[in-house]
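Predicted, not measured: the structure shown is a model, and the values here were computed from it. Counting convention: from 1, in listed order, for ligands and their atoms alike.
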Amino acid sequence: MIPLIGMDAEELRAVLPAGEPAFRARQLYDALYRRRVSSFAEITEFPAKLRERLSAECSLGRLERASRFESRDGTRRYLLRLADGRTVEAVFMPEEARDTLCISTQVGCPVDCKFCLTALMGLERNLTAGEIVGQVLHLAEDNGLWARGKRINVVMMGQGEPLLNLAAVLKAARLLCGPRGVGISPRRITVSTSGIIPRMAELGQAEPRPKLAVSLNASTEEQRRELMPITRKYPLRDLIEACRAYPLRPWERLTFEYVLLKDVNDSDADARRVVRLLAPLRCKVNLIALNPGPGIPFETPAPERVAAFQAIVKRSMPCFIRKPRGLDIYAACGQLKRMESGLAAPGS
Ligand code: SAH
Ligand code: SF4
């Protein structure tokens with residue numbers, strides 16, 4: 001069965017039988033991405049014969065839910081089943097103005113950050129563009145976002161390192177931003193990277209281009225090498241240089257994420273070094289107090305320490321504290337490891 005979600009208009013055209021008029025591909029694109037049909041039977045503008053043929057050879061490629069966990073704070077963590085039987089995680093975070101969908105780009109992650117649960121899985125495989133788009137469609141539909149006209153933010157901050165699967169990530173972004181399809185603005189999509197320097201330049205040329213967040217997580221070369229061994233391959237100095245060379249659009253700032261680990265990278269001196277590192281850049285900083293997990297050898301700093309760190313950085317650039325969402329169901333940053341625990345939602 002060939003999955004259709006993930007194909008662009010040209011690929012859909014090639015799937016249709018030869019001799020079908022060109023507008024059929026446009027109708028199929030509309031059905032998949034704008035109307036988001038749940039069965040071939042709903043594509044009523046197609047002749048019955050064509051629908052039958054398509055459903056014999058293709059699947060829509062929608063992702064099925066394996067389980068769903070519901071947090072006290074309204075966050076929902078999903079395990080979605082892929083065609084090969086593996087599962088991947090995505091998180092829905094309701095907010096007043098707009099809801100945020102945190103989606104995965106790989107099953108597991110090959111980057112070995114010492115504070116992250118996903119790292120313990122290793123890399124199982126890359127996700128396809130269809131599987132990345134499929135997470136957005138599933139979560140938006142399951143939470144009634146289309147029906148309620150809710151505005152959507154997409155952050156590629158789930159499992160995986162997006163810049164190690166950049167072709168699929170960019171294709172997914174094109175499909176999510178398609179004005180005749182899903183129609184999400186590229187300003188509302190953020191890709192977060194651990195700092196895969198050569199791919200950053202490539203992302204900088206993409207069209208449409210999502211926003212970029214960089215996981216800094218340390219204030220010195222040595223400290224970053226310990227926490228994020230990938231720094232040996234892509235040094236902090238070069239990363240900052242790549243950020244300086246990154247072609248920001250006039251309205252845009254880079255986002256830096258900084259996971260605070262008690263007594264490791266959370267001192268006032270660290271905060272001052274972060275300011276010095278980032279001073280030449282148009283950016284903002286999001287602080288994340290460590291979300292703990294089994295096998296993670298670090299502790300969460302006290303809220304006062306987090307606030308003191310923020311106060312120092314804030315003098316020089318916008319700096320926010322990211323509120324943990326869904327901590328009780330292993331849905332927060334760095335906690336995605338397909339935990340089968342947490343309170344299952346009724347009916348899931
Ligand atoms: N691989 C990408 C995107 C996924 S990780 C990246 O690393 O940027 C998303 C964010 O979660 C990153 O900023 C990462 O530093 C942060 N993170 C990882 N483990 C964490 C943990 N245990 N607590 C808090 N944040 C964590
Ligand atoms: Fe991978 Fe990001 Fe976790 Fe590092 S923090 S192991 S890059 S998912």
Side-chain angles (χ1 to χ4, degrees), residues 77 88-91 93 100-127 132 135 154-166 169 189-197 199-200 203 210-219 223-234 236 239 242-243 254-262 264-266 274 283-301 306 309 320-327 330-339:
R77 178 169 65 96
V88 76
E89 276 170 312
V91 180
M93 292 171 277
T100 298
L101 308 179
C102 175
I103 61 172
S104 296
T105 53
Q106 298 181 308
V107 185
C109 181
V111 182
D112 191 23
C113 303
K114 299 303 178 197
F115 43 79
C116 175
L117 270 182
T118 310
L120 300 176
M121 295 174 67
L123 175 68
E124 292 189 16
R125 71 167 171 85
N126 277 334
L127 292 176
I132 297 172
Q135 295 171 65
V154 175
V155 295
M156 297 197 193
M157 297 186 186
Q159 286 183 11
E161 167 47 58
L163 296 202
L164 291 178
N165 187 18
L166 187 58
V169 161
I189 303 181
T190 301
V191 167
S192 172
T193 184
S194 56
I196 312 296
I197 296 173
R199 298 278 92 77
M200 285 167 60
L203 175 67
K211 292 200 302 188
L212 178 61
V214 176
S215 298
L216 181 64
N217 298 340
S219 69
Q223 192 185 56
R224 197 170 194 271
R225 270 202 301 265
E226 302 254 306
L227 300 174
M228 302 176 74
I230 191 143
T231 309
R232 281 186 222 129
K233 192 164 178 192
Y234 301 121
L236 178 55
L239 177 59
C243 291
L254 281 171
T255 297
F256 285 91
E257 294 149 295
Y258 193 97
V259 180
L260 288 161
L261 311 171
K262 184 180 175 191
V264 174
N265 67 354
D266 65 344
V274 165
C283 66
K284 67 168 179 177
V285 177
N286 282 341
L287 301 175
I288 318 170
L290 175 79
N291 296 314
I296 300 299
F298 299 105
E299 286 174 55
T300 310
V306 177
F309 195 104
F320 306 92
I321 298 172
R322 191 183 287 168
K323 210 172 62 190
R325 301 291 307 258
L327 260 181
Y330 285 102
C333 299
Q335 291 198 312
L336 298 184
K337 196 189 162 229
R338 289 197 303 230
M339 298 291 234

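Residues L216 and Y258 form a side-chain contact, since some pair of their non-hydrogen atoms from C-beta on lies under 4.5 Å apart. Considering only heavy atoms from C-beta on, I189 comes within 4.5 Å of M156 through its side chain. Counting heavy atoms from C-beta on, the side chains of S215 and V259 never come closer than 4.5 Å.
Contact analysis leaves I296 out of contact with ligand 1, as no non-hydrogen atom separation drops below 4.0 angstrom. Distances shorter than 4.0 angstrom do not occur between any heavy atom of A213 and any atom of ligand 1.
The N/O atoms of G160, backbone and side chain alike, include one that comes under 3.5 Å of an N/O atom in ligand 1. For ligand 1, the polar-atom distance check finds an N/O of F115 within less than 3.5 Å of one of the ligand's N/O atoms. Taking distance alone, with nitrogen or oxygen atoms compared against 3.5 Å, N291 approaches ligand 1 more closely than that limit.
With ligand atoms numbered from 1 in the order given, ligand 1 contributes 21 (C), 22 (N), 23 (N) to contacts under 4.0 Å with heavy atoms of L290. Residue contact check: S194 has heavy atoms under 4.0 Å from atoms 7 (S) of ligand 2. The contact set between ligand 2 and C109, taken as ligand atoms under 4.0 Å from a residue heavy atom, comprises 1 (Fe), 6 (S), 7 (S), 8 (S). Residue contact check: G158 has heavy atoms under 4.0 Å from atoms 4 (C) of ligand 1.
Using modelled atom types, one finds no donor on one side chain facing an acceptor on the other under 3.5 Å when comparing T118 with Q159.
Taking each of S215, S104, P292, P324 in turn, the one with a heavy atom nearest to atom 6 (C) of ligand 1 proves to be S215. Looking at S194, G195, S192, C102, it is S192 that brings a heavy atom closest to atom 3 (C) of ligand 1.
Counting heavy atoms closer than 4.0 Å to ligand 2, residue C113 contributes atoms from both its backbone and its side chain. Counting heavy atoms under 4.0 Å from ligand 1, residue I288 touches it through the side chain alone. The side chain of E257, and not its backbone, has at least one atom closer than 4.0 Å to an atom of ligand 1 (non-hydrogen atoms only; side chain from C-beta on). The part of T193 lying near ligand 1 is the backbone, judged by heavy-atom distances below 4.0 Å.
A donor-acceptor pair is defined here as one N or O able to donate and one able to accept, closer than 3.5 Å; such a pair exists between the side chain of Q135 and the backbone of S104.
Within a 4.0 Å radius of atom 2 (Fe) of ligand 2, the protein has no heavy atom.
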